[in-house]
Structures are given as structure tokens and as C-alpha cells.
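Notes to accompany the following structure.
Being a predicted model, the structure only gives us computed values, none of them experimental.
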Amino acid sequence: MAQSTLRKITMAVLAPAMAFGATVGLASTPAAAAVWSSCAQYGNTSLNGYTLYNNIWGSGAGAQCIWANSGTNWGVNANHPNTGGIKSYPNSKKVINKSITSLTSLTSSYNVSVPSSGAYNTSYDIWDTDYDYEIMLWVNKTGPVGPIGSSQGSVTVGGHSWNVFKGTNGANEVFSFIRTSNSNSGTVNILPILKWIKDTKGWMGNETIGDVQFGFEITSSSGGLDFAANNVTVSGS
């Protein structure tokens, strides 16, 4: 249910980082000093070929700080109120910039630590370079959260079984794959999922895949909750 990148960019222009004022400073980073950390609304950096992004974009958000030991090991402490609506999508991004047919492989491995309370999903957010299509892969979810669109049935592809939804957020089409059971670690073969959308369903053409993002789409985390990407890697060729 992540909003389009175009909307995120627009909101970044309209809502300066200082809009969160004193609240952003309340969240904390790990006790051990990280290589990088930020409590800025749109704080970001590049490490080891990945871009890390704090990305507090939703209305009514509270405090959130991101930290990173590397591009593949990072996390956030988030304290968002127990209200509806997505507050943030802290994430790491790997740029691919290859068409589906020119890719020979596109895979990712993930290992995360997530809280048992709150409302959020752990998800991949995959974009074509024109931002016409958003492909979300939810590997786990907690609380009252759900995808955009209507059910398209179930499929086993890319090494996992998913419930599939198709819809639009007003700016782009969204294809959401919700894993049928929660998982905190594993490997996803992303390319067969893209080919299933393109060839089996005919929902999009030979798009050029731009960003593969992985992060935590947080609706609520009252009291301050910790989310950690212990090891998340993306590889494409």
C-alpha cells in the first residue's frame, strides 16, 4: 500500500524535515555507534551500493530514527501513534535499471527482526523506471494492515506462496503479493514474479526495473518499536 515515488517526492518538497520538530529527536539509535544514523524526516545516505532512506511521509506520524552499520545491515526505532494510515516506509534501495527480458536473474535474501505488536508490513517495493507500476512483496505483516485493490487469487512463484491483489493508488498500478504465512528470513527469486505479471497475466509489458526497495511500511508503533534488517541483499544481472 506504499504511495508512489512521485507522491513521496512531492511530499518531500512540500513538507520540510523540520515539520516534525522536536518529536523526531525522541527516537533512539542503537547503543553501539552505527556507521550512519539520522532522525531527519527524509534522511538518507548511500552505503555499499545501497541507498538508505528514513522516509517519514505519512500524515500524523511521530518520531523515527534510522541507523546503519552497512548498506545491508540497518534498522529503525519508530514511535508512531496508534492511528490509521501509513506513517513511514524506511527502506534500503538497490538500483537495477534493466528490462525484464534482459535480466538473467534478480534475487534477494532477507533476515529481519520485527516487533510482535504495532501495525506494519515488511515488504519489497519494486518500481519500473517510469513509476507506472509498483510491485509489492509482503513477507510478513502484523496488525490491521492490508493491500490496495482486489484479490486475484493465489500463486506459488519465486520460492513462496502468495495471495495476490491488483489495484491502483491513483498515480500508478499496484500489484501486491502477500505471503500466505509470515517469514522473517528467506530468499525471494524476484524475476519469475515479474515474468508471471508480464507473461502469465499480461498486466504490464517489458518494463525496465528501476528500484528494488526493502523496508518496513509502518502504520503504528506506539511507545517506540525496533525494526532491524539484519542482512538484506539484492542481486541482479
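- The two atoms that bring W138 and S123 nearest to each other are CD1-CB, 3.7 Å, heavy atoms only.
- Atom CZ of F177 sits about 12.0 Å away from atom OG of S161, to the nearest 0.5 Å.
- Residue G84 comes nearest to K87 through the heavy atom pair O-NZ, 3.3 Å, listed as atom of the first residue, atom of the second, then distance.
- A cation-pi arrangement is absent between K166 and F175, since the terminal nitrogen or guanidinium carbon is not both under 6.0 Å from the aromatic centre and inside a 45° cone about the axis.
- For the pair Y50/K94, a side-chain contact is recorded, criterion being any heavy-atom separation below 4.5 Å from C-beta on.
- A distance-only check finds a donor-acceptor pair linking the side chain of S38 to the backbone of A40 [under 3.5 Å].
- In this structure, the ring of F216 has its center less than 6.0 angstrom from the ring center of W74.
- Taking the six-membered ring where the residue is Trp, H160 and W162 present tilted rings, their angle falling between 30° and 60°.
- Atom-to-atom distance recorded for S113:OG and N184:CG is 7.0 Å, nearest 0.5 angstrom.
- Of all heavy-atom pairs spanning S154 and N163, the tightest one is OG-OD1, 2.7 Å.
- Scanning both residues, S92 and L52, for their nearest heavy atoms gives CB-CD2, 3.5 Å.
- Side-chain contact of N54 with Q41: a donor-acceptor pair under 3.5 Å is absent, judged by distance alone.
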Item to complete: Please report the C-alpha distance between L106 and K98 in whole Å, then the side-chain angles of each, then the deciding distance to 0.1 Å, and finally whether the side-chain contact (heavy atoms from CB on, under 4.5 Å) criterion is met.
Response: CA-CA 10 Å; L106 181 58; K98 287 191 174 185; over 6 Å; no

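- Residues Y42 and W57 have side chains in contact (heavy-atom distance under 4.5 Å, counting atoms from C-beta outward).
- Within the 4.5 Å cutoff, the side chain of I209 has heavy atoms near those of the I100 side chain.
- With a 4.5 Å cut-off on side-chain heavy atoms, Y124 and V188 count as touching.
- With hydrogens and angles left out, the side-chain atoms of T129 and T208 include no donor and acceptor closer than 3.5 Å.
- Between I190 and S108 there is a side-chain heavy-atom pair separated by less than 4.5 Å.
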Step by step, would you call S117 with L225 a side-chain contact (heavy atoms from CB on, under 4.5 Å)? CA-CA 8 Å; S117 60; L225 299 177; 3.8 Å; yes

**Message:** side-chain contact (heavy atoms from CB on, under 4.5 Å) for N172 and W127? Distances and angles first, verdict last.
**Reply:** CA-CA 10 Å; N172 50 265; W127 295 90; 3.7 Å; yes

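- When only modelled atom types and interatomic distance are considered, T219 and E217 share no side-chain donor-acceptor pair under 3.5 Å.
- N189 and T107 share no side-chain donor-acceptor pair at under 3.5 Å.
- In this structure, Y133 is not a member of the same hydrophobic cluster as V95, with clusters built from ILVMFWY side-chain heavy atoms closer than 4.5 Å.
- Residues D132 and E173 have side chains not in contact (no heavy-atom distance under 4.5 Å, counting atoms from C-beta outward).
- Between the side chains of N230 and N111, at least one donor N or O lies within less than 3.5 Å of an accepting N or O.
- Between T233 and T72, the side chains place no donor N or O within less than 3.5 Å of an acceptor N or O (distance only, hydrogens not considered).
- In the displayed structure, K195 atom NZ is contacted under 6.0 Å by at most 12 heavy atoms of other residues, nucleotides or ligands.
- Side-chain contact between I178 and P147: present, with at least one pair of heavy atoms (C-beta onward) separated by less than 4.5 Å.
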(message) Determine whether F227 and Y120 satisfy the following criterion, ring-ring contact (aromatic ring centres under 6.0 Å, His included), listing intermediate values before the conclusion.
(response) CA-CA 10 Å; F227 301 78; Y120 64 89; 5.1 Å; yes

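- The distance from atom OG of S99 to atom CG of N206, rounded to the nearest 0.5 Å, is 4.5 Å.
- The structure places CG of N97 at 7.5 Å from CG of D211, a figure rounded to the nearest 0.5 Å.
- Residues M204 and L194 come closest through the heavy atom pair CE-O, 4.1 Å.
- Separating the CD1 atom in I218 from the OG1 atom in T142 is a distance of 11.5 Å, to the nearest 0.5 Å.
- Side chain of T51 to main chain of S46: no donor-acceptor pair is present (N/O by atom type, distance under 3.5 Å, no hydrogens or angles).
- In this structure, N79 contributes its side chain and G62 its backbone to no donor-acceptor pair below 3.5 Å.
- If you take CG on N140 and CG on N182, they are separated by 5.0 Å, rounding to the nearest 0.5 Å.
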Walk me through whether D125 and Y89 qualify under side-chain contact (heavy atoms from CB on, under 4.5 Å).
CA-CA 10 Å; D125 206 7; Y89 180 61; 3.4 Å; yes

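- Between S88 and H80, the shortest heavy-atom distance links the atoms OG-NE2, 3.4 Å.
- Contact annotation: the side chain of V76 never approaches that of D226 to less than 4.5 Å [non-hydrogen atoms, C-beta and beyond].
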